[in-house]
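Single-structure report; data block below.
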Protein chains: 2
Amino acid sequence: MATLKDVSRASGFSITTVSRALNGYDDVNKETRDKIMSVAKELGYSPNILARSLVKKQSKTIGFLVTDLKRESVKDNFMFETLCGVSDELSELDYEFVLLSTTTSKQKNKTYGQMCAERQLDGVVIQGLKRDDPYLLEAIESKVPCVLVDIPVEGENTGYVTSNQLDSAKQAVRYLIRLGHRHIAFMNGAPHAYVSTVRYDAYRQVMQENDIDANDAYVLNGDFEETAAKDVALPFLLNHPEVTAIFCASDVMALGVLQATRELGLNVPEDLSIVGFDNILLSQYVSPTLTTVGQRPYEMGRKAAAMVVDIVDGKDVPHEAFVNNQLILRESVTKNRR
Amino acid sequence: MATLKDVSRASGFSITTVSRALNGYDDVNKETRDKIMSVAKELGYSPNILARSLVKKQSKTIGFLVTDLKRESVKDNFMFETLCGVSDELSELDYEFVLLSTTTSKQKNKTYGQMCAERQLDGVVIQGLKRDDPYLLEAIESKVPCVLVDIPVEGENTGYVTSNQLDSAKQAVRYLIRLGHRHIAFMNGAPHAYVSTVRYDAYRQVMQENDIDANDAYVLNGDFEETAAKDVALPFLLNHPEVTAIFCASDVMALGVLQATRELGLNVPEDLSIVGFDNILLSQYVSPTLTTVGQRPYEMGRKAAAMVVDIVDGKDVPHEAFVNNQLILRESVTKNRR
DNA sequence: CTTGCTTTCCGAAACGTTTCGGGTATAAAA
DNA sequence: TTTTATACCCGAAACGTTTCGGAAAGCAAG
């Protein structure tokens, strides 16, 4: 591959001049610039990004750090959609984009700082970390800018983009109550996940503001997994026939509940109303279609990417951004007739 | 961030020795190696990959080139799954992985060669290119190793991994015929896509080997899109009530056909048997569930990644690999009762 | 003629590695 | 004692850029 030196030799100008010509500096004569340009094109020159990054000490690449990238996450298209958003935004901004996948165990081998340093990442957007993952703290304390999706944390070089989690979750529970439901269960996900805690808070607060006593037995744990949710829903529904509605912290778990109802011969929504969270692709294809709180991961990805390069560029921008969720009404909920 | 020079200064050994110690050369004393190791750890040293790549002239990174990475592709989880496969395999092999997304129009701005050279990619795995995309030819002729998924092309530094496309497609059509269907339509995708041509060939060959006359009117074009497929299926089904089965070149188009039947008040599979191709996630959730030819993109991703690094490493490996498809029997097909 | 300003160019150092070709002890062999 | 082998270490060049600090030439002003 042609290098600066080749162009220099072929055009008769020094390496310095060639570099300056190609980079649009103005202390180079129009004629020589044209000459250099044409020679460069002829030789098929294109700059070696590695060398450039080495001396400029910035790589023009952003990392997209994601935990537990595995085949199963296919069901949860959230990650893929934010990835698309990040990718689109970065390519518009002329940044590269490397995918960093990690697991909780891998984080012990290599520190977050090392990971960034090795690759000279200018910034990173992070998705899906757990609250107690070592990388979370490291990322916040690190000098390299990062923005988190769905984990509100502020810091010098840290930003986040999230949705109106609490409000939209409250809206979902209020919706059930307005339809006459009183015995409403809550299917929680991994307790350490940030999103779990706020969805749980929403549930509790709305119940309280409607003077419905909290019943700890109504709070289940499905660990954000379909089968786990089914397994825990089966005995619960059997033992609590008075429950007419359930709010799930994720659609995937809602699907599990749906399976449980089928096995028990219950009808949805007549016997049990279900509302999920995420608006995954499947939610509009299952039968009955799933009422759910829709997130917009693509937009979140775009905003996260945009914010991180703004921080990298030293622009003085707000370090938080919101993308509004939306309650999407479908077939899995109906009025309480009991 | 700590550099080799820092470790050198702090440990009292030369940069050369430090480098050699850290890289496991054997001409360094055990004691000094230990000393250097501990100093390096203390300083949190980790090598600058950029600098290393620059001198070694290989970056230990593989590109994953994908066309038309857009939100819509979410429905077609094929890409995402191969991505997971590639990612998993490469991380096991200690290679980096950058995602390169391109569109047909973007390919005019920057040549494939430039793209590889800039980033010093050691190799690339390519997915979803169209037969007439400029990058395809460039990739084959390029010196940097590449392996294509689902496009059989051989060359010095080129390999591919594909599935037994033709056989499995034939199997699907034979299945319909064995169930007594004679008037079988074919929903084709983008005519320029490689997969389209082979699925079409399979259809024609099986029809012929069963002495069923080819009827050009039975070949539709749904452009691999749900709505396009629906729009073309609607009038077709209306005008050809004798057709009892349809073989679709993709599940997404099969879903379109399914919609069309609903609008026409036809029952699947009683009035029309449908078989798709791809086994996308949705196919097991729609009602009726979709009989389809299942691909295994995750395995293809893994094999592709493994093959490309083998080629990079100069190993003498076969430049083709196969992952067998499988006909998955579900509800959307039944015996012809007419 | 000297001074100073523009315009246009370039040499050399720097970024953080790897690696080639030695060099200097110490120990073993002659 | 001198030679040879071995074990350990290091200087310097190289990879392909960018950029700092000038330098040469031309020209206007004093």
Side-chain angles (χ1 to χ4, degrees), chain A residues 1-37 39-40 43-61 96 113-122 144, chain B residues 1-37 39-40 43-61 94 96 113-122:
Chain A
M1 210 56 196
T3 72
L4 264 194
K5 205 194 283 186
D6 297 327
V7 180
S8 157
R9 215 170 1 227
S11 66
F13 293 94
S14 78
I15 291 181
T16 303
T17 303
V18 172
S19 171
R20 298 181 76 79
L22 259 21
N23 285 296
Y25 284 68
D26 59 1
D27 65 343
V28 30
N29 192 1
K30 170 118 176 43
E31 281 177 44
T32 79
R33 182 193 304 276
D34 290 347
K35 178 79 185 300
I36 287 172
M37 292 284 214
V39 172
L43 264 49
Y45 169 80
S46 72
N48 183 320
I49 294 191
L50 273 53
R52 170 182 296 170
S53 302
L54 187 59
V55 27
K56 295 185 72 157
K57 284 173 152 304
Q58 48 141 308
S59 59
K60 276 264 187 184
T61 97
E96 300 310 324
Q114 284 180 327
M115 199 186 62
C116 294
E118 281 184 355
R119 255 162 278 268
Q120 299 267 105
L121 295 181
D122 290 347
V144 2
Chain B
M1 209 57 197
T3 72
L4 265 195
K5 205 194 284 186
D6 298 327
V7 179
S8 157
R9 211 164 10 221
S11 67
F13 293 95
S14 78
I15 291 182
T16 302
T17 303
V18 173
S19 171
R20 297 179 79 78
L22 261 20
N23 286 296
Y25 283 69
D26 58 2
D27 64 344
V28 31
N29 192 2
K30 171 117 176 42
E31 280 178 44
T32 79
R33 182 194 304 277
D34 290 346
K35 178 79 187 300
I36 286 172
M37 291 285 212
V39 171
L43 264 51
Y45 169 80
S46 73
N48 183 320
I49 294 191
L50 271 54
R52 171 183 295 170
S53 303
L54 187 59
V55 28
K56 294 186 69 157
K57 282 172 151 305
Q58 46 141 306
S59 58
K60 278 264 190 183
T61 96
D94 256 326
E96 300 308 324
Q114 283 181 327
M115 199 185 62
C116 295
E118 282 184 354
R119 252 161 279 270
Q120 299 267 104
L121 294 181
D122 290 347

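Numbered from 1 within each chain, the chains take letters A, B, ... in sequence-line order.
Neither OP1 nor OP2 of C/dT17 sits under 4.0 Å from any side-chain N or O of B/Asn48. Remark: B/Lys57 is in phosphate contact with D/dG16, judged by side-chain N or O atoms under 4.0 Å from OP1 or OP2. Contact between the side-chain N/O atoms of A/Ser19 and the OP1/OP2 oxygens of D/dT19 is not found at any separation under 4.0 Å. Not one side-chain nitrogen or oxygen of A/Tyr45 sits closer than 4.0 Å to the OP1 or OP2 atom of D/dG16. Distances shown here put every side-chain N or O of A/Asn29 at or beyond 4.0 Å from the OP1 or OP2 atom of C/dT7. One finds no side-chain N or O of B/Thr16 lying less than 4.0 angstrom from the OP1 or OP2 phosphate oxygen of D/dC10. One finds a side-chain N or O of B/Tyr25 lying less than 4.0 angstrom from the OP1 or OP2 phosphate oxygen of C/dT19. Distances shown here put a side-chain N or O of B/Thr32 below 4.0 Å from the OP1 or OP2 atom of D/dC9.
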(request) Check the pair A/Leu4 / A/Ser8 against side chain to side chain contact (heavy atoms under 4.5 Å, CB included), numbers first and verdict last. (result) CA-CA 6 Å; A/Leu4 264 194; A/Ser8 157; 6.0 Å; no

(request) Apply the test side chain to side chain contact (heavy atoms under 4.5 Å, CB included) to residues B/Leu22 and B/Tyr45: give CA-CA distance (whole Å), side-chain angles for both, the deciding distance (0.1 Å), then the verdict. (result) CA-CA 10 Å; B/Leu22 261 20; B/Tyr45 169 80; 3.8 Å; yes

(request) Begin with the C-alpha distance, continue with both residues' side-chain angles, and end with the deciding distance and a verdict on side chain to side chain contact (heavy atoms under 4.5 Å, CB included) for B/Arg119 and A/Thr61. (result) CA-CA 11 Å; B/Arg119 252 161 279 270; A/Thr61 97; over 6 Å; no

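Rounding to whole angstrom units, CZ of residue B/Arg33 and C1' of D/dA7 are separated by 13 Å. Atom CD1 in B/Ile49 sits roughly 11 Å away from atom P in C/dT18 (whole-Å rounding). Atom CZ of A/Arg20 is separated from atom C1' of D/dT19 by 7 Å (rounded to the nearest Å). What separates CZ of A/Arg52 from P of D/dG16 is a distance of 15 Å, to the nearest Å. In this structure, B/Gln120 places its CD atom 15 Å from C1' of C/dG16, rounding to the nearest Å. To the nearest angstrom, P of C/dA14 lies 22 Å from CG of A/Leu50. What separates CG of B/Asp34 from P of D/dC8 is a distance of 12 Å, to the nearest Å. Between the NZ atom of A/Lys56 and the C1' atom of D/dC20 there is a distance of 15 Å, rounded to whole Å.
Salt bridge status for B/Asp94 with B/Lys60: absent, with no side-chain N to carboxylate O gap under 4.0 Å.
A/Ile15 comes within 4.0 angstrom of a base, heavy atoms only. Nucleic acid contact class of B/Ser53 (heavy atoms, under 4.0 Å, all strands): none.
Which of C/dC9, D/dC9, D/dG16 sits closest to the side chain of A/Val28 comes down to C/dC9.
Nearest-nucleotide assignment on DNA chain D puts the 5′-proximal partner with B/Asp26, out of B/Asp26 and B/Ala51. Nearest-nucleotide assignment on DNA chain D puts the 5′-proximal partner with B/Lys30, out of B/Lys30 and B/Leu54.
Residues A/Gly24 and A/Arg33 share a closest heavy-atom pair of CA-NH1, 3.5 Å.
Side-chain atoms of B/Glu118 and A/Asn48, non-hydrogen and from C-beta on, never get closer than 4.5 Å to each other.
With hydrogens and angles left out, the side chain of A/Asp27 and the base of C/dC9 share a donor-acceptor pair within 3.5 Å.
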